[in-house]
> 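This structure is in structure tokens; I'll ask about it shortly.
Throughout, residue positions are numbered sequentially from 1 according to the sequence presented. Quick caveat: nothing in here was measured; it's all calculated off a predicted structure.
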Amino acid sequence: MATFSYLYGDALNLEINSSDSNTLFTSTRRQQAINDAVEEFADLTDCLIRQSSITVSCNTTEYMLLSSGVLGGSTDFTRLAAQGLEYRVRSSGGSTARWLTWLTGDDFQERPLEWRNRQYPGWRQSTAVGTPTGYYRRANGGNLLLGLDIAPDVGSSEAAEVLVPYVARPAPMTSSTDVPFTVNSTVR
């Protein structure tokens, strides 16, 4: 895998047909261009996916995605990944712990608020609890909220969560030996 110094050095010299690193194409500008390109590539290709989880509470339908409790205060969140979210419930009964529910794909679809309001007028006022069948995203100022369509019913001996795969922003490379798409010392 190419190192950061190769990318902003020899590789970029070849690409721009210039070895100027003192006037127009300074090393700082070259390094920033490479970091910007790596970030844009990750966003366009979904090649750097990370996963977090939201602990679901009984009767709670909305969760702040960008809070420290959900994405760990992560600064690498770009957007939700195309693969979609998963909802799962686990029995927390000692040695017999097992998955009771695991919903993905068509069984747990994202539906925008506009669609929900049109298809099910008054759905937010519903007092029904059960197993969510889908989710939505809602912006509120600087917050991004993830909502469940049905208030979850989580028993006292159960643990529920939503798995949240997201497109991660690559860490900026600063050292000449850094390699693109490195997360916790593992190269993607």
Side-chain angles (χ1 to χ4, degrees), residues 38-117 119-120 123-124 126-172 180-188:
V38 167
E39 187 174 323
E40 184 174 0
F41 184 82
D43 186 30
L44 292 173
T45 63
D46 284 11
C47 70
L48 190 61
I49 304 291
R50 295 191 68 191
Q51 186 167 280
S52 188
S53 65
I54 299 171
T55 301
V56 174
S57 301
C58 191
N59 292 324
T60 303
T61 56
E62 286 193 340
Y63 303 87
M64 287 196 329
L65 274 176
L66 304 179
S67 74
S68 60
V70 175
L71 292 176
S74 159
T75 58
D76 68 346
F77 176 84
T78 301
R79 61 182 163 76
L80 295 178
Q83 70 192 55
L85 280 56
E86 300 176 15
Y87 177 81
R88 60 188 190 176
V89 179
R90 184 179 184 96
S91 159
S92 56
S95 63
T96 61
R98 60 186 174 84
W99 293 110
L100 303 172
T101 306
W102 195 316
L103 302 175
T104 63
D106 288 342
D107 295 329
F108 192 64
Q109 292 184 11
E110 179 177 13
R111 299 281 189 189
L113 285 173
E114 298 81 15
W115 183 89
R116 292 187 189 289
N117 292 336
Q119 295 296 319
Y120 305 104
W123 66 277
R124 284 189 179 207
S126 174
T127 57
V129 295
T131 301
T133 59
Y135 62 96
Y136 60 89
R137 286 179 280 172
R138 181 172 71 85
N140 183 11
N143 295 320
L144 179 61
L145 293 109
L146 176 78
L148 303 174
D149 62 347
I150 298 172
D153 183 16
V154 182
S156 61
S157 64
E158 297 173 338
E161 66 182 359
V162 175
L163 298 177
V164 183
Y166 64 94
V167 176
R169 182 179 299 110
F181 308 113
T182 301
V183 178
N184 300 329
S185 73
T186 303
V187 178
R188 166 74 172 92

> Return the set of residues passing side chain to side chain donor-acceptor pair (under 3.5 Å) with Asp106 (not counting sequence neighbours), or none when no residue passes.
Gln109

> Mind listing the closest non-hydrogen atom pair of Ile150 and Ala128 along with its distance?
CG2-O, 4.1 Å

> Does Phe77 form a side chain to side chain contact (heavy atoms under 4.5 Å, CB included) with Ser52? I'd like the steps, not just the answer.
CA-CA 10 Å; Phe77 176 84; Ser52 188; over 6 Å; no

> Scan for salt bridge (charged side-chain N to carboxylate O under 4.0 Å, His left out) pairs involving residues 155-172, sequence neighbours excluded, and state none if there are none.
Glu39-Arg169, Arg88-Glu161

> What pairs meet the salt bridge (charged side-chain N to carboxylate O under 4.0 Å, His left out) rule with one or both residues in residues 137-154, with sequence neighbours excluded?
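Found Glu62-Arg138, Glu110-Arg137, Arg116-Asp149.
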
> Show the numbers, then the answer: is there a side chain to side chain contact (heavy atoms under 4.5 Å, CB included) between Trp102 and Glu86?
CA-CA 7 Å; Trp102 195 316; Glu86 300 176 15; 2.8 Å; yes

> If you round to the nearest 0.5 Å, how far is CG of Leu85 from CD1 of Ile54?
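So the CD1 of Ile54 and the CG of Leu85 are separated by 7.0 Å.
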
> Under the side-chain contact (heavy atoms from CB on, under 4.5 Å) test, which residues partner Ile49, sequence neighbours left out?
Asp46, Ala81, Gln83, Pro165, Val167

> Mind running side chain to side chain contact (heavy atoms under 4.5 Å, CB included) on Asp76 and Val183 for me, showing each step along the way?
CA-CA 11 Å; Asp76 68 346; Val183 178; over 6 Å; no

> Rounded to the nearest 0.5 Å, what separates atom CH2 in Trp99 from atom OG in Ser91?
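Rounded to the nearest 0.5 Å, the CH2-OG separation comes out at 10.5 Å.
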
> Which ring pair (Phe, Tyr, Trp, His ring centres under 6.0 Å) pairs, counting each pair once, include a residue from residues 129-155, with sequence neighbours left out?
Phe108-Tyr135, Trp123-Tyr136

> Quick one: list whatever passes side-chain contact (heavy atoms from CB on, under 4.5 Å) with Pro112, sequence neighbours left out.
Glu114, Trp115

> Find the distance between CG (Asn184) and CZ (Arg50) and round it off to the nearest 0.5 Å.
5.5 Å

> With a 3.5 Å distance limit and no angle check, can you tell me whether Asp107 reaches the backbone of Leu103 through a side-chain donor-acceptor pair?
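No; judged by distance alone, with no hydrogens or angles, the pair does not exist.
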
> Can you check side chain to side chain contact (heavy atoms under 4.5 Å, CB included) on Val56 and Leu148, steps first, answer last?
CA-CA 10 Å; Val56 174; Leu148 303 174; 4.2 Å; yes

> What are the two closest non-hydrogen atoms of Pro180 and Val38, and how far apart are they?
CB-CG2, 4.2 Å

> With sequence neighbours left out, what residues match Phe181 under ring-ring contact (aromatic ring centres under 6.0 Å, His included)?
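Expected list: none.
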
> Work out which heavy atom in Leu163 is nearest to a heavy atom in Ser53; give both atom names and the distance.
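Looking at all heavy atoms of both residues, the shortest contact is CD2-CB, 3.9 Å.
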
> Among all residues two or more places apart in sequence or in another chain, which pass the side chain to side chain donor-acceptor pair (under 3.5 Å) test with Glu40?
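Side chain to side chain donor-acceptor pair (under 3.5 Å) list for Glu40, sorted by chain: empty.
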
> Could you grab the distance from atom CG of Leu144 to atom CG of Leu65, nearest 0.5 Å is fine?
4.5 Å

> Specify the closest pair of heavy atoms between Val154 and Cys58, including all atoms of both residues, with the distance to one decimal.
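Heavy atoms of Val154 and Cys58 come nearest at N-SG, 3.6 Å.
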
> What closest approach, in Å, do Thr45 and Phe41 show between heavy atoms, and which atom pair accounts for it?
OG1-O, 2.7 Å

> Nearest 0.5 Å please: distance from the CG atom of Asn143 over to the CE atom of Met64.
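With rounding to 0.5 Å, CG (Asn143) is 4.5 Å from CE (Met64).
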
> Looking at residues at least two apart in the chain, or sitting in another chain, which of them share a side-chain contact (heavy atoms from CB on, under 4.5 Å) with Thr186?
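Testing Thr186 for side-chain contact (heavy atoms from CB on, under 4.5 Å), a comparison that skips the adjacent residues, returns none.
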
> Taking side-chain contact (heavy atoms from CB on, under 4.5 Å) as the definition, give me every residue that meets it alongside Asn59, ordered by chain and number, with sequence neighbours left out.
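Per chain and number, Asn59 pairs via side-chain contact (heavy atoms from CB on, under 4.5 Å) with Val129, Ala151.
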
